[in-house]
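One structure is given below, encoded as structure tokens.
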Amino acid sequence: MASPRILLCGDVLGRLNQLFKRVNSVNKSAGPFDALFCVGQFFPDEPDRLDELMDYVERRAQVPLPTYFIGDYGVGAPKVLSAVSRNSANQGFKMDGFKVCDNLFWLKGSGKFTFHGLSVAYLSGRQLSNGQQFGTYSQIDIDTLRAFAEEPGIVDFFLSNEWPSGITNRATVSDIPAGISDSSGSDSTVSQLVAEIKPRYHIAGTKGAYYAREPYFNVDAVHVTRFLGLASVGNKEKQKFLHALSPTPSSAMAAAEISAKPPNTTLSPYTLVDQVDRRKETTKRASDIELDSQYWRYDVSNKRQKHGNGDTNKVCFKFISSGTCPRGEKCNFPHDADAREQFLRGVCLDFIIKGKCEKGPACNFKHSLQDDGENHSRKRPGSSNTNANRSKECWFCLSSPNVESHLVTSIGENFYCALAKGPLVQDHVLIIPVEHMPNTLSLPADSETELGKFQNSLKLYYKNQGKEAVFFEWISIRGTHANLQAVPVPSSKAAVLKDIFTLAAEKLGFEFVTKKFSNNSEGRKWLRTQFDKNFSCFYVELPEGSILLHLIEENEKFPAQFGREVVAGLLNVADRADWRNCTIGKDEETKLAENFKKRFQVFDPSQ
């Protein structure tokens, strides 16, 4: 496979016409190129060029190839990027770029993604403390990149706006551009990060000068790093602002290729940075983290479209499944009350929407429309008949014919445990109320004792395997039967859980309420005082005693799989973020459950 062909550009400053004219010329003579990565200020530095930028944003002009930028500041940036953030297609935790328009993507905050086999990490914005919404990076962004620095594999490209301070240390003096000062427009935080990340190529802008530094050795790494500073588009000195590279992804290189050292390689300019005391930093870092955007992407409109593409009339999936739709009258699909009623009577969603179900006999739901009759008569919500009917159709009620009893591993008085269907990892367990209740926080207080025993038993069981337990629950005001999820996380990765959940929340536009407790019982008591049955909420209980809580506003879009998606990223199993991608046959499920029961028996509080 041919190596990807990449164009790199310095500060654009809104001069898109001039940039893309040059790009098209280079593309014809030496292309085609796969992408353009822009560092430094992307937006105009004066209002006169805003119209030129808006021509592309509003699709009056065409961006010629996939273009990614990190310099999210300048004239017009707040207005454009606010609109981009509100776009439903950009909802979710995305690290491979928020789409601004066709072929133009904003790399927000910090992150890492794979492009044509290349590992690309980035730090967007600048280090400012004035509370700007755009154009700055946060401590969370820094901590995320530090976590990436500990994972196996080599980062091919690291993109930053500002130059790292100290980059000219140990460099050949004659090669350093005239007028370049290390104290002006340099960032010591970038220096620390690049010394830890150790990318093969570090690209930066903002200095207004072109500088290709000699490669330098990295501490505790076999490969060298090449720094490239790029000038701004249309600079009067006519310094180079566009550079082409075609690197083989490090993941596809032989060890000898990766460790090759050119004769002009220098010592690291960051040796002093590498020697600083990192005791404070180690609490913020963990190993083997992969934050892949695919599983954090939560686009309700796409899911609705997907479920409405059958041969039958299209209907709104969101309305059928939950009884409401945040788009209201603006929704493109009918809000079919009859279809919703059929869903409540236990009819298969695929059968309702598509007219057929691909699972066939393996599906636990009904494949025929249910008439109004004695068993399905409309009762007021909360009536005993209604609750009884729902219990019969519920996946989690032990008395229901739909319950998958072969997954049940332990039964107590108020709670039971079952292996998760479509587990994220081995030993992924659900703690489920025996009673048909919508959440674990509204049960009688005395039931908390038994819940605590199950949680503590799972903690000991996981600890025996060198793992820690993370518990989370998504509580919907339209929920039916609660389940508290327990997922084992390797102890080496547990320390970064709080940072990763916090970062994921920031990417979705909210902030957790965080509180730390000395024991699980006190934490659960606090949760019960914060819970409001009139709001949906999500909470996570972390191994070190912290609880992260988010109360969800009425019109707020929140991914129901959020907890699972975040942990999937930590465990580098992005393809397993959706449980439906992980389902296996009943015989294999039964075998897994039996094996778990044998291993868990000595810890089981119900024994």
Side-chain angles (χ1 to χ4, degrees), residues 80-100 105-106 108-109 111 133-134 140 291-309 314-336 340 343 349 353 438-439 472-480 482 485 500-513 530-540 548-569 574 577-580:
V80 171
L81 299 180
S82 293
V84 170
S85 300
R86 292 193 299 268
N87 190 326
S88 61
N90 289 323
Q91 296 300 312
F93 184 38
K94 297 167 59 61
M95 304 192 83
D96 59 347
F98 286 70
K99 185 176 180 180
V100 178
F105 302 92
W106 166 34
K108 179 183 179 182
Q133 183 179 4
F134 304 110
I140 294 174
L291 298 181
D292 188 308
S293 67
Q294 295 176 11
Y295 48 86
W296 270 301
R297 176 181 175 81
Y298 188 75
D299 187 342
V300 176
S301 63
N302 281 353
K303 293 189 177 184
R304 189 182 297 129
Q305 182 74 31
K306 176 181 176 182
H307 285 270
N309 276 343
K314 297 177 182 178
V315 290
C316 175
F317 166 72
K318 184 71 174 176
F319 179 84
I320 291 177
S321 60
S322 67
T324 186
C325 171
R327 290 194 172 186
E329 296 180 354
K330 296 180 180 179
C331 181
N332 295 322
F333 302 108
H335 292 171
D336 192 327
R340 165 70 176 162
F343 169 73
L349 264 176
I353 297 173
N439 61 78
F472 55 87
E473 182 177 9
W474 155 242
I475 300 175
S476 170
I477 56 174
R478 292 175 291 275
T480 54
Q485 303 202 38
I500 297 304
F501 268 101
T502 302
L503 176 64
E506 183 184 67
K507 298 290 185 181
L508 286 176
F510 71 89
E511 183 176 344
F512 279 114
V513 175
Q530 302 300 304
F531 174 64
D532 185 338
K533 66 180 181 180
N534 297 314
F535 290 90
S536 299
C537 77
F538 172 85
Y539 69 88
V540 54
L548 311 182
L549 171 67
H550 177 51
L551 297 179
I552 298 159
E553 299 295 332
E554 182 177 356
N555 295 321
E556 180 181 347
K557 293 181 180 178
F558 189 86
Q561 299 271 355
F562 177 73
R564 179 170 175 139
E565 292 170 352
V566 175
V567 179
D578 188 331
W579 69 270
R580 288 165 294 193

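Atom set for the values below is all heavy atoms of this structure, side chains included, hydrogens, waters and symmetry mates excluded.
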Positive for side chain to side chain contact (heavy atoms under 4.5 Å, CB included) with S536, one of I552, L551, I475, N439: I552
Residue E511 excluded, over 12 heavy atoms near CD under 6.0 Å: no
From H550 atom NE2 to F562 atom CZ, the distance as rounded to the nearest 0.5 Å: 8.5 Å
So V100 and V80, do their side chains get closer than 4.5 Å, heavy atoms only? yes
Reported SG-to-CD distance for the pair C537 and E473, which is rounded to 0.5 angstrom: 7.0 Å
Flag the pair L81 / W106 as yes when at least one side-chain heavy-atom distance between them is below 4.5 Å, and no otherwise. yes
With a 4.5 Å cut-off on side-chain heavy atoms, are P559 and E565 touching? yes
For the atom pair CD (Q485) and CH2 (W579), what is the distance rounded to the nearest 0.5 Å? 11.5 Å
Quick one: does any side-chain atom of K108 pair with a main-chain N or O of K507 as donor and acceptor, under 3.5 Å? no
Within the structure provided, determine whether F512 and L549 are in side-chain contact (heavy-atom separation under 4.5 Å). no
Can you give me the closest heavy-atom contact between S82 and F134, atom names plus distance? OG-CE1, 3.3 Å
With F538, the ring pair (Phe, Tyr, Trp, His ring centres under 6.0 Å) member among F510, W474, F558: F558
When you compare the side chain of F472 with that of V567, does any pair of heavy atoms fall below 4.5 Å? yes
Hey, does the side chain of E556 reach the backbone of E553 with a donor-acceptor pair shorter than 3.5 angstrom? yes
